[in-house]
Undergrad: 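Here it is, the structure, as structure tokens.
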Amino acid sequence: MRETADPNALLSWYDRHARQMPWRVGPKARADGVRPDPYRVWLSEVMLQQTTVAAVKSYFLAFTERWPRVTDLAAAEDAEVMAAWAGLGYYARARNLLKCARAVAEEHGGVFPDTHAGLMALPGIGPYTASAVAAIAFDRPETVVDGNVERVMARLHDEHMPLPQSKKILTEHAEALTPTGRPGDYAQAVMDLGATICTPRNPACGLCPWRPACAAWAAGTQAELPKKAPKKRKPIRQGTAYLVRRVDGAWLLETRPETGLLGGMLGWPGTDWVDTSEPAPAEAPPIRAEWKTLPEEARHTFTHFHLRLTLKTALVPMDRAPERGAFVAAEEFRPADLPTLMRKAFDLARPR
DNA sequence: GACTCGTGGTC
DNA sequence: TGACCAAGAGT
């Protein structure tokens with residue numbers, strides 16, 4: 001008879017092996033009564049959505065240095081926040097981050113709600129993030145279910161039904177295990193277990209505090225779990241971007257529409273992007289100029305398609321007015337403010 | 001439930 | 001090199 005998974009065994013493991021991260025109050029400090037700052041917990045959780053810890057660290061430090069409190073962030077300009085988020089991806093997160101900060105500042109007196117329902121009502125906070133903030137910042141016994149927890153539960157219970165179909169069952173397993181004591185530490189402990197021991201490939205079962213309870217370990221199936229529905233392959237889209245430099249060094253840029261891909265981000269004016277099976281999109285030059293096509297196209301892969309972007313460049317005189325976008329002075333232009341695709345295009349087109 | 005929505009690291 | 005993957009949310 002296999003043992004039942006013991007939350008205390010996991011907490012004991014976490015006390016010894018918790019990862020240190022800039023936004024985390026470790027188990028020792030937590031036991032000494034140190035409370036995490038809900039603003040920092042929320043900010044980190046939003047940044048960590050579908051994003052690796054390694055990628056998040058420098059952004060988290062930059063954001064908290066520049067905007068130490070939620071009211072500081074709420075008072076920031078949209079363009080400043082979008083530029084600071086550039087490169088981290090999933091830019092709807094940044095747009096919702098600002099909406100959420102402003103809602104907390106204006107409708108909640110600058111104080112985050114401390115319940116799952118209160119948090120869920122805020123922009124950019126879904127089931128996972130509401131549970132994470134409620135548990136980690138407010139020590140409420142909420143159950144966090146992220147990709148780590150799904151994997152751990154699928155293996156613990158040897159669940160072979162593929163995701164996302166199995167999500168509900170895995171959530172119920174996770175809820176059944178969540179303890180009423182130390183819920184914040186516990187939430188972080190399950191995710192640390194998934195990130196360092198119960199990893200997608202080559203799980204370190206020999207070091208796992210829950211191995212005695214693991215049905216997949218008993219069956220030898222841990223390497224093939226969790227099962228996932230097959231993914232569709234990515235189509236290829238094509239388009240053209242126009243990189244215009246004025247003789248004084250200014251660059252012609254535009255802020256993209258709020259919705260859709262790279263919404264709200266700075267970018268080069270260009271055509272629509274269409275599937276390569278369709279005719280190439282009509283030219284859409286943002287200004288009258290002599291265009292030069294670069295020998296190399298910018299290639300970039302998004303979540304659901306590959307993009308091949310033809311780059312056209314031009315040098316224009318001071319008195320030439322653009323039909324789209326606006327010139328940004330050379331000394332004010334920072335390539336780091338661009339999303340990665342646009343920065344790639346710039347790196348191929350920049351004068352050297 | 002099925003799509004959309006980024007990026008960099010890894011094998 | 002290409003596919004997979006990482007602390008999901010919104011529509």
Side-chain angles (χ1 to χ4, degrees), chain A residues 18-19 21-24 40-60 82 85-97 99-100 119-137 142-152 162-168 171 174 184 186-196 198-202 226-237 256-265 267 273 299-307 336 338-344:
Chain A
R19 292 179 292 170
M21 289 175 290
W23 48 85
R24 173 176 284 180
R40 294 166 63 88
V41 174
W42 161 74
L43 179 62
S44 67
E45 289 301 341
V46 173
M47 287 184 167
L48 286 162
Q49 289 167 6
Q50 296 291 287
T51 309
T52 58
V53 167
V56 164
K57 279 183 179 168
S58 64
Y59 284 86
F60 177 83
M82 300 312 287
W85 196 277
L88 199 54
Y90 284 141
Y91 298 100
R93 293 185 296 174
R95 301 193 299 271
N96 286 330
L97 192 79
K99 285 183 195 163
C100 182
L119 290 160
M120 274 289 284
L122 292 166
I125 298 186
Y128 164 78
T129 305
S131 292
V133 175
I136 297 169
E142 299 289 345
T143 302
V144 296
V145 183
D146 71 334
N148 288 305
V149 177
E150 288 172 354
R151 184 170 58 256
V152 170
L163 283 163
Q165 200 186 342
S166 59
K167 170 110 182 172
K168 180 172 181 177
T171 298
Y186 177 80
Q188 296 174 92
V190 201
M191 293 190 284
D192 270 23
L193 185 75
T196 64
C198 196
T199 51
R201 285 171 303 220
N202 303 317
K227 305 244 184 224
K228 294 193 176 179
K231 315 202 163 151
K232 298 193 302 189
R233 60 179 292 271
K234 295 172 180 173
I236 303 170
R237 294 184 193 174
R256 299 172 60 84
E258 282 296 305
T259 56
L261 199 67
L262 309 180
M265 297 300 289
W273 305 338
R299 293 195 172 203
H300 192 72
T301 298
F302 291 101
T303 313
H304 52 292
F305 65 92
H306 302 284
L307 178 66
L338 299 174
T340 299
L341 163 67
M342 301 298 175
R343 192 174 44 68
K344 278 186 187 175

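Computed over heavy atoms, backbone and side chain alike; hydrogens, waters and symmetry mates excluded. Proteins get letters first, then strands, A, B, ... in listed order; numbering begins at 1 in each.
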Undergrad: Give the rounded distance in Å between these two atoms: NZ of A/K57 and P of C/dA7.
TA: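 Rounded to the whole Å, the gap is 14 Å.
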Undergrad: With a sphere of 6.0 Å drawn around NZ of A/K234, does it hold more than 12 non-hydrogen atoms of other residues, nucleotides or ligands?
TA: yes
Undergrad: Send over the distance from A/N148 CG to C/dA6 P, rounded to a whole Å.
TA: 7 Å
Undergrad: Taking any heavy-atom pair under 4.0 Å as a contact, classify A/W23: base, sugar-phosphate, or nothing.
TA: base
Undergrad: Suppose you measure atom P in C/dA7 against the same atom in B/dT4; what distance do you get, rounded to whole Å?
TA: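 So the two P atoms sit 23 Å from each other.
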Undergrad: Rounded to the nearest Å, what distance is computed from the CG atom of residue A/L163 to the C1' atom of nucleotide B/dG1?
TA: 13 Å
Undergrad: Give the ring-plane orientation class for A/F60 versus A/W23, where under 30° counts as parallel, over 60° as perpendicular and anything between as tilted.
TA: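 Ring orientation, 0 to 90° scale: perpendicular.
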Undergrad: Using a 4.0 Å heavy-atom cut-off across all strands, classify A/M265 as base, sugar-phosphate, or nothing.
TA: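 If one applies the 4.0 Å heavy-atom cut-off, A/M265 turns out to touch nothing in the nucleic acid.
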Undergrad: Under a 3.5 Å distance rule, please check whether A/Y90 uses its side chain to pair with a backbone N or O of A/T51 as donor and acceptor.
TA: no
Undergrad: For A/R19 and C/dA6, give me the distance from atom CZ to atom C1', rounded to whole Å.
TA: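 Atom-to-atom, A/R19 to C/dA6, this comes out as 11 Å.
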Undergrad: If the condition is side-chain contact (heavy atoms from CB on, under 4.5 Å), which residues does A/Q49 pass it with, not counting sequence neighbours?
TA: A/V46, A/R93, A/T129
Undergrad: In whole angstrom, give the distance that lies between atom CG of A/L119 and atom C1' of C/dA9.
TA: 15 Å
Undergrad: Select one nucleotide: of C/dA6, C/dA7, C/dG10, the one nearest the side-chain heavy atoms of A/N96.
TA: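 When the side chain of A/N96 is considered, C/dG10 is the closest of C/dA6, C/dA7, C/dG10.
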Undergrad: Which whole number of Å gives the distance between the P atom of B/dC5 and that of C/dG2?
TA: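 B/dC5 and C/dG2 have their P atoms separated by 23 Å.
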Undergrad: For A/W273, is the NZ or CZ atom of A/R299 found under 6.0 angstrom from the centre of its six-membered ring and inside 45 degrees of the ring axis?
TA: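 Here A/R299 fails the 6.0 Å and 45° test against A/W273.
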Undergrad: For A/R233 and A/P127, take the nucleotide of DNA chain C holding the closest heavy atom to each; which residue's nucleotide lies nearer the 5' end?
TA: A/R233
Undergrad: Would A/L97 and A/M47 count as a side chain to side chain contact (heavy atoms under 4.5 Å, CB included) if you check the C-alpha gap in whole Å, the side-chain angles of each, and the deciding distance to 0.1 Å?
TA: CA-CA 9 Å; A/L97 192 79; A/M47 287 184 167; 5.7 Å; no
Undergrad: Can you give one letter per nucleotide of nucleotides 2-11 of chain B, going 5' to 3': B for a protein heavy atom under 4.0 Å from the base, S for sugar-phosphate only, - for none?
TA: -SSBBBS---
Undergrad: How far, in whole Å, is C/dT11 from B/dG6 if one measures between their P atoms?
TA: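 To the nearest whole Å, 14 Å.
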Undergrad: Tell me: NE2 of A/H306 to P of C/dG2, nearest whole Å?
TA: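 After rounding, the reported distance stands at 8 Å.
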Undergrad: Would you tell me whether A/K344 and A/H300 have side-chain atoms, one donor and one acceptor, within less than 3.5 Å of each other?
TA: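 Short answer, yes.
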Undergrad: Is there a side-chain polar atom (N or O) of A/R151 under 4.0 Å from OP1 or OP2 of C/dA6?
TA: yes
Undergrad: How long is the line joining NZ of A/K167 and P of C/dA7, in whole Å?
TA: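 My rounded result for the distance is 12 Å.
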